[in-house]
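Side chains are part of it too, since the values below use all heavy atoms of this structure and drop only hydrogens, waters and symmetry mates. Protein chains get the first letters and strands the later ones, always in sequence-line order, with residue 1 at the start of each.
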2 protein chains.
Amino acid sequence: MTPVAVVLTEERILDAAEDVLRRFGPAKATVVDVAKALGVSHGSVYRHFPTKVALRDAVARRWLDRLAEPLDPARDTDGPAAERLLRWLERLAAIKQGLALNDPELFATFGQLTAEAREVVAAHVDHLAAALTEIIADGVSSGEFAVPDPVPAGRAVLHATARFHHPLHAAEWADPAIGSELREVWRLLVWGLAARP
Amino acid sequence: MTPVAVVLTEERILDAAEDVLRRFGPAKATVVDVAKALGVSHGSVYRHFPTKVALRDAVARRWLDRLAEPLDPARDTDGPAAERLLRWLERLAAIKQGLALNDPELFATFGQLTAEAREVVAAHVDHLAAALTEIIADGVSSGEFAVPDPVPAGRAVLHATARFHHPLHAAEWADPAIGSELREVWRLLVWGLAARP
DNA sequence: CGACTGACAAAGTTTGAAATCTGTCAGCTG
DNA sequence: CAGCTGACAGATTTCAAACTTTGTCAGTCG
């Protein structure tokens, strides 16, 4: 039986790593800092994560998973698909833009981290596109939308709204017109989804 | 009458500055280097441009103007507006993506420069949006499109295609699917432009 | 007299020696 | 004997001193 209060789990390491990244920023946070926060030698951290990059990737994955949690389409199934789509896009934009506005340091940290964790980000993007595909497929079932295949349509909607949620565009979110610009794009997209060519 | 071969014009300074930026990169190019290339003291350069930032902005403006030249909508007025729109978007993407692919160093220089020249970039973006507005307005005249106001529609189309032409997304252009992704987005957009709500 | 120079202060950048960090592993310890 | 430590080599980062750059301006030159 292992002494419960002292056992070194991946989870406890991730908590500490997240904390250290928050406090020192991605440029200065070291594995030694993480070990110090846990009261162990840095060698112990390497028993659980093979490299510093793997540790950072794991932190990024957890962050992105937590961000994407409120975006499960099953959480909001009321009303026309066009409006569910708008609410979903606005929720995504609000999550990212809120983070960028309320805590720019943390957002920068998070941006740095994800910029390097390409695989992890690809999984996140796939996840978001799948959520859009689900909403669009519901719209097709109800006769609201008329796309031949909801999968590329979901990806296209995500790509077309990149400006409103992709962290690269954070500097543009200061413009107060950003909200109405998202609605303009949404309007074109839902007309496009509904049209029968 | 001034001695023609030796006169120091803004234009000659811009030529030299562009050359120096190309050769040394934006981080290392100095005003002293520009002056040296012209065989004058750096003080003379400051008689024509008040600061280094103003000089760099002027170089960026000239670059962007040159880039945008082949995108005048009056140069391609054949066929349905939907297809003119696709050709225009593909031309814009090809210009930016071609530069990024053929001469990544120069593209990075150009990206750095424009990232700092916010005003200059805003003018360039307005110019591009106006070109799209013109194509959409033509489509409305011909009965192909049905948007109430082509001005926000032009901006929305530019925003919706940011992923395919905005330099921030350059890293994503390596994916060979990028071309078909642009077509997917275009398809939704032109159906949206044509739809009568 | 107007265009240019070059010396200058303040700000910013380079440089290389010292300090720190990453990733490994032989050995300690409960 | 599983889990941890701490010393180590090589890579990377820090820091302060030396050097370079920016922007100004009194003075030179034609």
Listed nucleotide nearest any side-chain atom of [X], set [options]:
| X | options | result |
| --- | --- | --- |
| A:V32 | D:dT22, C:dT22, D:dT5 | C:dT22 |
| A:Y46 | C:dT24, C:dC4, D:dT22 | C:dT24 |
| B:V40 | D:dG23, C:dT5, C:dT22 | C:dT5 |
| A:S41 | C:dG6, D:dG6, C:dT22 | D:dG6 |

Nearest whole Å is fine: how far is [N] [atom2] from [X] [atom1]?
| X | N | atom1 | atom2 | result |
| --- | --- | --- | --- | --- |
| B:R47 | D:dG23 | CZ | P | 15 Å |
| B:H48 | D:dT22 | NE2 | P | 17 Å |
| B:K52 | C:dA11 | NZ | P | 17 Å |
| A:K36 | C:dT22 | NZ | C1' | 14 Å |
| A:L38 | D:dC4 | CG | C1' | 13 Å |
| A:L55 | C:dT22 | CG | P | 10 Å |
| A:F24 | C:dT20 | CZ | C1' | 14 Å |

**Asked** DNA chain D: A:G39 or A:A27, which has the more 5' nearest nucleotide?
**Response** A:G39
**Message:** Looking at C:dT20, I'd like to know if its phosphate oxygens (OP1 or OP2) sit under 4.0 Å from a side-chain N or O belonging to A:T30.
**Reply:** no
**Asked** OP1 or OP2 of D:dC4 less than 4.0 angstrom from a side-chain nitrogen or oxygen of A:S44, does that happen here?
**Response** no
Donor-acceptor pairs under 3.5 angstrom involving side-chain atoms of residues 179-187 of chain A: please list them, not counting sequence neighbours.
| unit_1 | atom_1 | unit_2 | atom_2 | d |
| --- | --- | --- | --- | --- |
| A:S180 | OG | A:A177 | O | 3.0 |
| A:E181 | OE1 | A:R163 | NH2 | 2.3 |
| A:R183 | NE | A:E90 | OE2 | 3.1 |
| A:R183 | NH2 | A:E90 | OE2 | 3.3 |
| A:W186 | NE1 | A:A82 | O | 3.0 |

**Complete:** Given the options B:R23, B:R61, B:R66, B:E18 meets salt bridge (charged side-chain N to carboxylate O under 4.0 Å, His left out) only with B:R66
**Request:** Could you tell me whether A:E116 atom CD has more than 12 heavy atoms of other residues or ligands within 6.0 Å of it?
**Result:** yes
**Complete:** Closest to the 5' end of DNA chain C, once A:G43 and A:K28 are matched to their nearest nucleotides, is A:K28
**Asked** Can you tell me if A:T114 uses its side chain to pair, donor with acceptor, with the backbone of A:A117 under 3.5 Å?
**Response** no
**Prompt:** Donor-acceptor pair, A:R56 side chain versus A:P26 backbone, under 3.5 Å?
**Reply:** yes
**Asked** Ignoring hydrogens and angles, are the base of D:dG23 and the side chain of B:H42 linked by a donor-acceptor pair under 3.5 Å?
**Response** yes
